[in-house]
Amino acid sequence: MNIKSTAKNWWAKAGIDPGVYIGSDPGRAEAAARAGFAAKAKRHLGQIPGAKQVVAMYFCMLDPATPAWVKGVVAAALAYFILPLDAIPDFLPMVGLGDDAGVLAAAFTTVSSYVTDEHHEKARAWIADEMPGVKAAATVRA
């Protein structure tokens, strides 16, 4: 049985249209996700330990050689990071980003063997270009 058709049938039976939440155009959804990640990363990654690892996971997810399950884990963790609704609102001082950091750390621990030196180098370069104020994150070793 085709997994994609089964998933579509399940969503239809449940009366849910995923397109309402993520859009029907995959290219547009991907562009929105990339823009959302970049914007939130620039605002908050300096407050999260391991910023370089988070950005390296992002580049790992974009790598065509990365297995699908790894991309799924990374995508889920990054979605939790960029979505405005989560368990603890991000605007709360000291604890707001704690749940995000925990999810990102768990995801990195799970997929770290698939995050290559190339992904780390891309992350280091991206942080240096896009987030010059995040010096501590850029110097974290892989």
Side-chain angles (χ1 to χ4, degrees), residues 1-12 14 16-142:
M1 179 179 266
N2 186 345
I3 293 174
K4 286 186 180 181
S5 67
T6 304
K8 281 185 178 182
N9 292 337
W10 184 88
W11 287 113
I16 298 171
D17 178 12
V20 171
Y21 303 99
I22 60 171
S24 302
D25 179 10
R28 191 170 138 231
E30 182 179 344
R34 286 180 187 227
F37 173 74
K40 190 153 186 185
K42 288 177 187 178
R43 276 195 318 271
H44 296 295
L45 276 181
Q47 302 167 22
I48 294 177
K52 185 178 84 62
Q53 286 80 1
V54 173
V55 178
M57 280 195 314
Y58 175 75
F59 286 112
C60 177
M61 181 185 68
L62 298 179
D63 187 346
T66 301
W69 75 268
V70 172
K71 289 181 180 196
V73 168
V74 173
L78 293 178
Y80 188 80
F81 175 64
I82 65 171
L83 289 174
L85 299 174
D86 56 23
I88 301 172
D90 293 340
F91 62 83
L92 293 175
M94 309 253 316
V95 297
L97 293 172
D99 62 326
D100 296 69
V103 168
L104 292 169
F108 185 77
T109 300
T110 303
V111 303
S112 61
S113 62
Y114 294 93
V115 180
T116 66
D117 290 339
E118 180 184 348
H119 301 140
H120 284 289
E121 187 53 43
K122 285 181 180 180
R124 197 173 358 263
W126 187 85
I127 289 172
D129 289 344
E130 299 291 331
M131 302 171 56
V134 185
K135 292 183 177 131
T139 59
V140 173
R141 300 218 184 263

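Each residue takes its place number in the sequence, starting with 1. The figures that follow rest on heavy atoms only: side chains count, while hydrogens, waters and symmetry mates do not.
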dist Lys52:NZ -> Ile127:CD1 (nearest 0.5 Å) comes out at 7.5 Å
Rounding to 0.5 Å, atoms CZ (Phe59) and CD (Glu118) come to a distance of 10.5 Å
Closest non-hydrogen atoms of Val74 and Tyr58, given as atom of the first, atom of the second and distance, are CG1-N, 4.3 Å
Between Val115 and Val70, is the side chain to side chain contact (heavy atoms under 4.5 Å, CB included) condition met? List the steps. CA-CA 10 Å; Val115 180; Val70 172; over 6 Å; no
For Ala77 and Ala107 the tightest heavy-atom approach is CB-CB, 3.5 Å
Subject >> Test item: Val111 and Thr66 side chains (from C-beta on) under 4.5 Å apart, heavy atoms >> reply: no
Look at the side chain of Lys122 and the backbone N and O of Cys60, then say whether any donor-acceptor pair between them is shorter than 3.5 Å.
no
One should read off an interatomic distance between Thr116 OG1 and Glu121 CD, to the nearest 0.5 angstrom, of 10.5 Å
One should read off an interatomic distance between Met57 CE and Thr110 OG1, to the nearest 0.5 angstrom, of 9.0 Å
Closest heavy-atom pair, Gln53 versus Phe108, reported as atoms and distance to 0.1 Å, is CG-CZ, 3.4 Å
